[in-house]
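First comes the structure, then the notes that go with it.
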Amino acid sequence: MSSTETDSAGSLPASVRNARLLVLGAAYALLVLIFLRTGLMLSMVSIAGMFAFGIQVLPMGLLLPGLHASRPRTYAWLGFIVQFYFIHGVLLAFNPDRLAWGLTHIALTVLIFCGLIAFIRRYRREFGAGP
């Protein structure tokens, strides 16, 4: 096993583990928010609703296994992907009817971004490796 991958989150130092938990918690909260918003705006039983939900969830869904495996490169990629979710939140916030959804979207993406930056920096400091 290389130094850039760990076999479990339990073997990570506390500072790295806390940043990892922040990213995972905020990422799952964002996915739940997307599910709720899509379900309320579009009928999830329709093909259009399922397609809209799938398109929004797919980028982060592809990264979840790497996030759970604590791979620093996956966290770096999430830094690029989360920008699209941030932009989507800003666009939602410009609509007065969706202001709360947009601000929540923005807050969660900022939490994800700050958490992943903390994870990568602390991982590099502890293991001397990174993306």
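Hydrophobic clustering of Ile, Leu, Val, Met, Phe, Trp and Tyr side chains at less than 4.5 Å, counting indirect connections, keeps Val110 apart from Leu33. Ile106 and Leu30 fall into different hydrophobic clusters, defined by Ile, Leu, Val, Met, Phe, Trp and Tyr side-chain heavy atoms under 4.5 Å apart, directly or through other members. When hydrophobic clusters are built by joining Ile, Leu, Val, Met, Phe, Trp and Tyr residues whose side-chain heavy atoms come closer than 4.5 Å, directly or via intermediates, Leu67 is not grouped with Phe86. Under a hydrophobic clustering in which Ile, Leu, Val, Met, Phe, Trp and Tyr are joined whenever their side-chain heavy atoms come within less than 4.5 Å, directly or via other members, Met60 and Val57 fall into the same cluster. Neither Leu21 nor Val16 shares a network with the other; the hydrophobic side chains, linked directly or stepwise wherever heavy atoms of I, L, V, M, F, W or Y lie under 4.5 Å apart, form separate groups for each.
Scored by the ring pair (Phe, Tyr, Trp, His ring centres under 6.0 Å) test, Phe84 finds no partners at all (sequence neighbours excluded). In terms of the ring pair (Phe, Tyr, Trp, His ring centres under 6.0 Å) criterion, Tyr85 has no residue partners (sequence neighbours excluded). Applying the ring pair (Phe, Tyr, Trp, His ring centres under 6.0 Å) test to Trp77 and every residue at least two apart in sequence or in another chain returns Phe80.
With hydrogens and angles left out, the side-chain atoms of Arg20 and Ser70 include a donor and acceptor closer than 3.5 Å.
Under the side-chain contact (heavy atoms from CB on, under 4.5 Å) test applied with Phe53, the options Leu31, Ile34, Leu58 reduce to a single match, Ile34.
Within the structure, side chain to side chain donor-acceptor pair (under 3.5 Å) pairs that include any residue of residues 98-110 do not occur (at least two apart or interchain). Each side chain to side chain donor-acceptor pair (under 3.5 Å) pair with one or both residues in residues 24-35, not counting sequence neighbours, appears once here: Tyr28-His68.
In this structure, Tyr123 and Leu12 have side chains that are in contact, with non-hydrogen atoms separated by less than 4.5 Å.
Leu78 CG to Arg71 CZ: the interatomic distance, rounded to the nearest 0.5 Å, is 14.0 Å. Distance check: Leu103 CG to Leu108 CG gives 11.0 Å after rounding to the nearest 0.5 Å. Atom CD1 of residue Ile120 and atom OG1 of residue Thr74 lie 9.5 Å apart, to the nearest 0.5 angstrom. Residue Leu63 holds its CG atom at 13.0 Å from CZ of Arg73, rounded to the nearest 0.5 Å. Atoms CZ and CD, from Phe35 and Gln56 in turn, are 12.0 Å apart once rounded to the nearest 0.5 Å.
Among all heavy-atom pairs drawn from Arg122 and Ser15, the shortest one is NH1-O, 3.4 Å. Residue Phe113 comes nearest to Gly79 through the heavy atom pair CE1-O, 4.1 Å, listed as atom of the first residue, atom of the second, then distance. Pairing each heavy atom of Ala26 with each of Ile112, the nearest pair is CB-CG1, 3.4 Å.
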Listed pairs under 3.5 Å, donor-acceptor, residues 87-95 side chains, sequence neighbours left out:
from, atom 1, to, atom 2, distance (Å)
His88, NE2, Arg37, NH2, 3.1
Asn95, OD1, Asp97, N, 3.1

